[in-house]
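Just follow the structure's listing: the first ligand is 1, and inside any ligand the first atom is 1.
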Amino acid sequence: MTSLAQRLMGNAAFSQIYEHLWRPVFTRGFSLGGPETQDYDRALRAYLARPGDRTVLDIACGPGNYSEDAAAGLTGDGRYIGLDYSMPMLAQAQSRHRLPRISYVRGDAHFLPVADNSIDTVMCLAALYLIPNPLPVLDEMARVLKPGGELIIFTSVEASIAALPGARTAIGWSGLRIFGKRELLVQLQSLGLEHIEQTITGVGQYIHARKPKPQ
Ligand SMILES: C[S@@+](CC[C@H](N)C(=O)[O-])C[C@H]1O[C@@H](n2cnc3c(N)ncnc32)[C@H](O)[C@@H]1O
């Protein structure tokens with residue numbers, strides 16, 4: 001059975017309110033009312049917008065919340081590709097974020113329609129916790145990265161709130177997964193990624209890692 005969260009992502013009405021209403025509230029919620037996740041989100045957007053000739057793959061891009069930031073600084077042959085499996089989300093993305101370097105594709109995060117070693121920045125924001133089998137998605141992200149390329153993740157992480165009465169039930173009902181503090185790091189290490197940095201903001205975590213260049 002699909003979870004509540006998965007059903008919402010495929011809903012046309014939800015896709016229309018997601019970017020400007022739902023996601024900002026959700027982002028605040030990830031730091032449990034504190035400013036950390038919003039601050040980090042702003043810093044991430046500025047980082048994504050830095051100038052450069054690179055290919056960016058945004059897995060589970062939703063309605064394209066990060067498309068314009070990630071495409072803003074692209075130069076040369078640089079381009080941004082947003083991938084999602086929800087048609088309503090992609091329809092929103094396509095109608096709202098029209099820039100020459102931006103394109104969208106329908107696909108499943110487990111089977112990226114992209115060649116090995118071809119992407120400079122691969123990111124997956126606010127989505128891994130919705131995906132029933134998320135660890136193989138990391139394998140795919142590592143596969144498509146160019147040597148020297150970077151991986152960026154924003155997702156959930158276990159925190160004391162999950163121990164509160166009823167919290168686990170509510171989380172289970174929503175279908176959201178809470179990752180252990182080292183769960184994703186261990187997987188990334190096993191894939192050979194390096195310079196792995198984790199920043200925890202409340203019940204959210206940002207991860208940045210790189211694929212090594214050959215010696
Ligand atoms: C909460 S939205 C996140 C959107 C955006 N990345 C953000 O940061 O706000 C999660 C997205 O993941 C997509 N999604 C979930 N499972 C997926 C999968 N296996 N392959 C591709 N997209 C998926 C959903 O359709 C939805 O658009």
Atom indices of ligand 1 within 4.0 angstrom of [X] heavy atoms, with elements:
X	result
A127	10 (C), 12 (O)
G62	4 (C), 27 (O)
L130	1 (C), 10 (C)
L125	3 (C), 5 (C), 6 (N), 7 (C), 8 (O)
G107	20 (N), 21 (C)

query = What are the two closest non-hydrogen atoms of G62 and A93, and how far apart are they?
reply = O-CB, 3.8 Å
ask   = What heavy-atom pair brings D53 and G78 nearest, and what distance separates the two atoms?
value = OD1-N, 3.1 Å
query = With a 3.5 Å cut-off and no angle check, do the side chains of Y104 and D84 form a donor-acceptor pair?
reply = no
remark   = Within the 4.0 Å heavy-atom cut-off, what D108 brings close to ligand 1 is both
ask   = Is a side-chain N or O of S156 found less than 3.5 angstrom from the main chain of Y129, in a donor-acceptor match?
value = no
inquiry  = Main chain of I119, side chain of T55: is a donor-acceptor contact present, judged purely on distance under 3.5 Å?
reply    = no
Considering only distance and modelled atom types, tabulate donor-acceptor pairs under 3.5 Å from the side chains of residues 139-152, sequence neighbours left out.
from	atom 1	to	atom 2	distance (Å)
D139	OD1	Q187	NE2	2.8
E140	OE1	R143	NE	2.7
E140	OE2	L112	N	2.7
E140	OE2	R143	NH2	3.0
R143	NH1	V114	O	2.9
R143	NH1	D116	OD1	2.6
R143	NH2	L112	O	3.1
R143	NH2	V114	O	3.2
K146	NZ	D120	OD1	3.3
K146	NZ	D120	OD2	3.3
E150	OE1	Y47	OH	2.5
E150	OE1	H208	NE2	2.6
E150	OE2	R50	NH2	2.9
E150	OE2	T121	OG1	2.8

task = May I ask which of L83, D41, D84, T155 has a heavy atom nearer to atom 13 (C) of ligand 1 than the others do?
result = D84
inquiry  = Among A60, C124, P132, A126, which one puts a heavy atom closest to atom 4 (C) of ligand 1?
reply    = A60
ask   = Mind checking what makes ring pair (Phe, Tyr, Trp, His ring centres under 6.0 Å) contact with Y66, not counting sequence neighbours?
value = none
message = Are there over 12 heavy-atom neighbours, none belonging to R45, within less than 6.0 Å of that residue's CZ?
response = yes
request  = Give yes or no for whether the N/O distance cutoff of 3.5 Å, strictly under, is met between Y129 and ligand 1.
outcome  = no
message = Does any N or O of ligand 1 fall below 3.5 Å from an N or O anywhere on I59, backbone included?
response = no
ask   = Does ligand 1 have any atom that is closer than 4.0 Å to a heavy atom of F154?
value = no
